[in-house]
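First up is the structure itself, then whatever we jot down about it.
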Amino acid sequence: METYQSMPKVELHAHLNGSARDSTLLELARVLGEKGFIVFSDVEHVIMKSDRSLHEVFKLFDLIHILTTDHKIITRITKEVVEDFASENVVYLELRTTPKKNDSIGMTKCSYMEAVIEGLKAVTAVDVAFMTHDVDAGTRVDSVLLTDTCNGTARKKIYVRLLLSIDRRETTEAAMETVRLALELRHVGVVGIDLSGNPIVGEWTTFLPALKFAREQGLCITLHCGEVPNPTEIGSMLDFLPHRIGHACCFEEEEWKKLKSFNIPVEICLTSNIRTNTISSLDVHHFADLYKANHPLILCTDDVGVFSTSLSGEYKIAASAFGLGKRELFQLARNAVEFVFADDLVKSDLREIFNSAAKRLD
Ligand code: 6MZ
């Protein structure tokens, strides 16, 4: 595990609320339990359960949202999630979240995102580079370990970029509102739009106008695609030519052909796919075929909290399930740099980080 922990890594598919620490969720549940809003023991059992169907996972998200939908809590979770990824040497994190509206506590999609951005600013354990103009201004790092000139200690740095998620339960207008918000927040690191949520809910045509508009305006798009069998939707999603897709679990022959011919990078979340029973076992996981075909792939976590995993853990699983060595996994992590939604300055910085780490590989 240490090998994969110390290796620089790129995380491109992580949902904010799904990445919250269990310990934080339990603490929040205890407080709500004490106030009489929930029955703590019922909730504790749901949070700590390890195997869940895809359907149960979405029920869990509804519970997590009851615990976390508050500005201060969103700020805290964002801070913790970034610190957790940085602590396992993730050097670039694309964090996605669904902006939420909750009139009863005065939360708008915009104030929700402000709380997320506050969380990025609140991180003290590492240097967080998320303001796009920092990069434009030419703030450069040559290594992920920066020397803190004040006390001579090395400080870690992590690039963070944000994707705003459209939940499949949302209307076209709500999806448009999210895209407009993303456009307003580009200067604070919002680089794209994700379509996610329960895959059996909603229609592709509902989200298409917002996704088209986002792309016309220069935002990058990633779609949860093929978490359940739905050939019509999968075909339409691939024809849309998103910049990346997530999962690609329930594809048929025709869809694999299309994916490969369009060369669309796939965010692979091994533990999530197995835990939700979307893929029956790693022996039949599509990672192996796509890897052999040299298809662009990125190992990701999906929801480190919900699935009790880590990015290093996902690398370790890939190593043992698919017989890959340290160098092959390093190369996989390095290739991910080419699929980030950040600009070329960030990419070239990340390439340098991997170049210098490559020299330390034995
Ligand atoms: C589809 C998922 C997901 O946005 O509140 N989400 N959508 N498939 C998955 N794989 C199992 N995992 C997470 O984070 C939680 C939300 O992300 C989406 C769901 O909409 C979930 O409610 P945020 O930060």
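Residue indices begin at 1 and follow the sequence shown. All values reported here derive from a predicted model rather than from experimental measurement. Remember, it's 1-based here, ligands and their atoms both numbered in the order they're listed.
For the pair E114 and K109, the salt-bridge criterion is not met [side-chain N within less than 4.0 Å of a carboxylate O]. Between E80 and R76, at least one side-chain nitrogen of the basic residue sits less than 4.0 Å from a carboxylate oxygen of the acidic one, meeting the salt-bridge criterion. Salt-bridge formation is not detected for the pair K72/E118: no Lys NZ or Arg NE/NH1/NH2 atom is positioned less than 4.0 Å from an Asp or Glu carboxylate oxygen. Between E83 and K79 there is a salt bridge, since at least one side-chain N of the basic residue sits less than 4.0 Å from a carboxylate O of the acidic one. The pair K326-E2 fails the salt-bridge criterion, with no side-chain N (NZ, NE, NH1 or NH2) lying under 4.0 Å from an Asp/Glu carboxylate O.
Atom 22 (O) of ligand 1 has H65 CE1, 3.1 Å as its closest protein atom, hydrogens excluded (heavy atom only). Protein heavy atom in closest approach to atom 3 (C) of ligand 1: H15 NE2, 3.7 Å.
Under the 4.5 Å side-chain heavy-atom criterion for Ile, Leu, Val, Met, Phe, Trp and Tyr, L95 and I221 are members of the same hydrophobic cluster.
Taking the six-membered ring for Trp, H286 and H295 have ring centres at least 6.0 Å apart. Proximity of the aromatic rings of F287 and F322 is defined here by a centroid distance below 6.0 angstrom, and this criterion is met.
Listed by number with element, the atoms of ligand 1 under 4.0 Å from a non-hydrogen atom of T97 are 4 (O), 23 (P), 24 (O). Every atom of ligand 1 with a heavy atom of K100 under 4.0 Å away is listed here by number and element: 4 (O), 5 (O), 23 (P). Close contacts between ligand 1 and D167 involve ligand atoms 20 (O) [criterion: under 4.0 Å to a heavy atom]. For ligand 1, the atoms lying closer than 4.0 Å to a non-hydrogen atom of L16 are 24 (O). Annotation for ligand 1: atoms under 4.0 Å from non-hydrogen atoms of H224 are 1 (C), 7 (N), 8 (N).
Inter-residue side-chain proximity for F341 and R244 is flagged as met; some heavy-atom pair is nearer than 4.5 Å.
Heavy atoms of T98 found under 4.0 angstrom from ligand 1 belong to the backbone as well as the side chain. Under 4.0 angstrom from ligand 1, the non-hydrogen atoms of D303 all belong to its side chain. Counting heavy atoms under 4.0 Å from ligand 1, residue E227 touches it through the side chain alone. Residue contacts with ligand 1, taken as heavy atom pairs separated by less than 4.0 Å, involve D302 solely via side-chain atoms from C-beta onward.
Nearest residue to atom 7 (N) of ligand 1 from G246, G197, S165, S272 is G197 (criterion: closest heavy atom). Around atom 13 (C) of ligand 1, the closest heavy atom drawn from F61, Y112, F307 belongs to F61.
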